[in-house]
There are 2 protein chains.
Amino acid sequence: MPKKLYSDIYDTLKDEINKQVYPPRNTLPGEEDLAARFDVTRNTVRRALKELQSDGLVYAVKGRGVVVLEPIRDDKVVFTADNNIGFEGLKKFPQNKFIQELSTEVLSFEEVEVDERIEKITSFNAGDKAFYIERLRLFDGNALVVDNSYFRKSMLKDMTVEDAKSSIYQYIRDNNLFKIAAERSTTTVESATKRDMQVLDIDDMNCVGVLTKFVYTDTGSLFEHTQTRYVPNNFSMVDFKSF
Amino acid sequence: MPKKLYSDIYDTLKDEINKQVYPPRNTLPGEEDLAARFDVTRNTVRRALKELQSDGLVYAVKGRGVVVLEPIRDDKVVFTADNNIGFEGLKKFPQNKFIQELSTEVLSFEEVEVDERIEKITSFNAGDKAFYIERLRLFDGNALVVDNSYFRKSMLKDMTVEDAKSSIYQYIRDNNLFKIAAERSTTTVESATKRDMQVLDIDDMNCVGVLTKFVYTDTGSLFEHTQTRYVPNNFSMVDFKSF
DNA sequence: GAGTGGTCTAGACCACGGT
DNA sequence: CCGTGGTCTAGACCACTCC
């Protein structure tokens, strides 16, 4: 019972690419042919092909066709930019099954007023109320990640420490507050601060990876600013783009 | 003289968003209205809106409208995933104007046969011939980046050390060999190796950022595998996604 | 010249949000 | 209920690649 045609076509083609029905470096059948095969219009086929391209499986060349890209042997991937919305998402990643236990410890939970310094960091407006939350993430008992977050208070009604301890995004969903629209992030490597050395199991390393993330609600408001600081040698992030 | 309608609409709307004709947290006019205004069909408007969304400027909510997202105060960005195709691209980034001088030093240049170890790293096929190139990148005389690259030899005709020293991508363009189709990359933070400490100006830091990159040609072949290893505190990468 | 993907039109029906 | 964006059809013309 197909709900979305382009999504069915996407799934089918993806499957056939994996099964080497269309081997790497070959082209897929033309868009017209695919349209005939799936009994849809060319536009709908094109939509499916666009998804495949943004996945990095194929690449369209005008005048030649849609080329199947050679596969890459993937390493274990723990972090991806996608699952950073909610630490809880990590549990669902199949590559992560060697992780037995994930837990979170809330180190700080305070209400602050956004001053100039915080405004500069978070892009919130000075004078706003915000929650500042520092959370330590434990992987099989190892403190590998610490999150420094600011959340706009006005959008969280009366969230408590317990809510923050489990999952803030769960709290938002349960109370039907709003939906998450988008996130912008930057990745850097920085020298470890004293605080990092204090709370993280960082051994003798003196740097951390830093993922700085801005999260938007579906009403266009900046809602969250989080700095995720993580111990080296444990995480990787994946990305794909075409030209 | 418009060549691509959706691109004109994109530019116009982007400009108007920046000028706060449509302020943050407000919605744009409906797609029908925009279609009427630009004298195109709704599909063409939608195409422009999709670009704006993938830029992170707006977000579409069914039943409500296309919401303008609040802007973020951007930090200086040196690296972006986009300009990693070719070190030379860095020079063009306006944020980088404080860098006076960029230069490259070729530390190694050898022809190798892909064995099992290299196959595992690069996803090339065992038995292929490849160039192994190690290049040191100097920023105002500071060795901040070292690139470890493998290139499939069969696609480079008879490239010389001099070609590699200036720009391999320039060489490919000049000789009209092929086009670059896509790139897949992963970002990690790793302990610095002895080699890193040897060639990089890393001071007392013992970690490096690592950008691992696979590059495809427009015929679907994996062509390049590069590990970019960089000194902390100097680079950042930006990313945006919507849900 | 034949075949490919890229752009665009002019309609249609649906699901969802706010009233 | 009405207006919004989401999906889809059935055409058309163009630019490019390859033979």
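Below, read A as the first sequence line, B as the second, and so on, with proteins coming before strands; counting in each chain starts at 1. Scope of the values below: all heavy atoms of this structure, side chains included, with no hydrogens, waters or symmetry mates. What you are looking at is a predicted structure, and each value in this text was computed from that prediction instead of being measured.
Ion pairing of A/D15 with A/K19 is present here, as a side-chain N (NZ or NE/NH1/NH2) and a carboxylate O approach within less than 4.0 Å. Ionic pairing of B/R37 and B/E16 is present here: one or more N-O contacts between side-chain nitrogen and carboxylate oxygen are shorter than 4.0 angstrom. We find that B/D128 and B/K153 are not joined by a salt bridge, their nearest charged nitrogen and carboxylate oxygen being 4.0 Å or further apart.
For the contact set between residues 26-38 of chain B and DNA chain C, defined by any heavy atom under 4.0 Å, there are no members.
DNA chain D is contacted by both A/D39 and A/G63; A/D39 maps to the nucleotide lying nearer its 5′ end (nearest heavy atom per residue).
Within 4.0 Å (heavy atoms only), B/R47 reaches sugar-phosphate atoms of the nucleic acid but no base atom. When heavy atoms are screened at a 4.0 angstrom cut-off, A/R42 is found touching base atoms of the nucleic acid. At a threshold of 4.0 angstrom between heavy atoms, the contacts of B/K179 are confined to the sugar-phosphate backbone, with no base atom among them.
Heavy atoms from other residues, nucleotides or ligands lying under 6.0 Å from CG of B/D115 number more than 12.
In 5' to 3' order, the nucleotides of DNA chain D bounding all contacts with chain A (an atom under 4.0 Å from a heavy atom) are D/dT7 to D/dC18.
Taking atom CG of A/L49 as the reference point, atom C1' of C/dG5 lies 10 Å away to the nearest angstrom.
With B/R137 contributing its side chain and B/Y230 its backbone, the two residues share no donor-acceptor pair below 3.5 Å. Of the possible polar contacts, one joining the A/T122 side chain to the A/I118 backbone as a donor-acceptor pair under 3.5 Å is found.
The salt bridge (charged side-chain N to carboxylate O under 4.0 Å, His left out) search around A/K129 returns A/E113, not counting sequence neighbours.
Of the options B/D33, B/T12, B/D8, a side-chain contact (heavy atoms from CB on, under 4.5 Å) to B/F38 is made by B/T12 and by none of the others.
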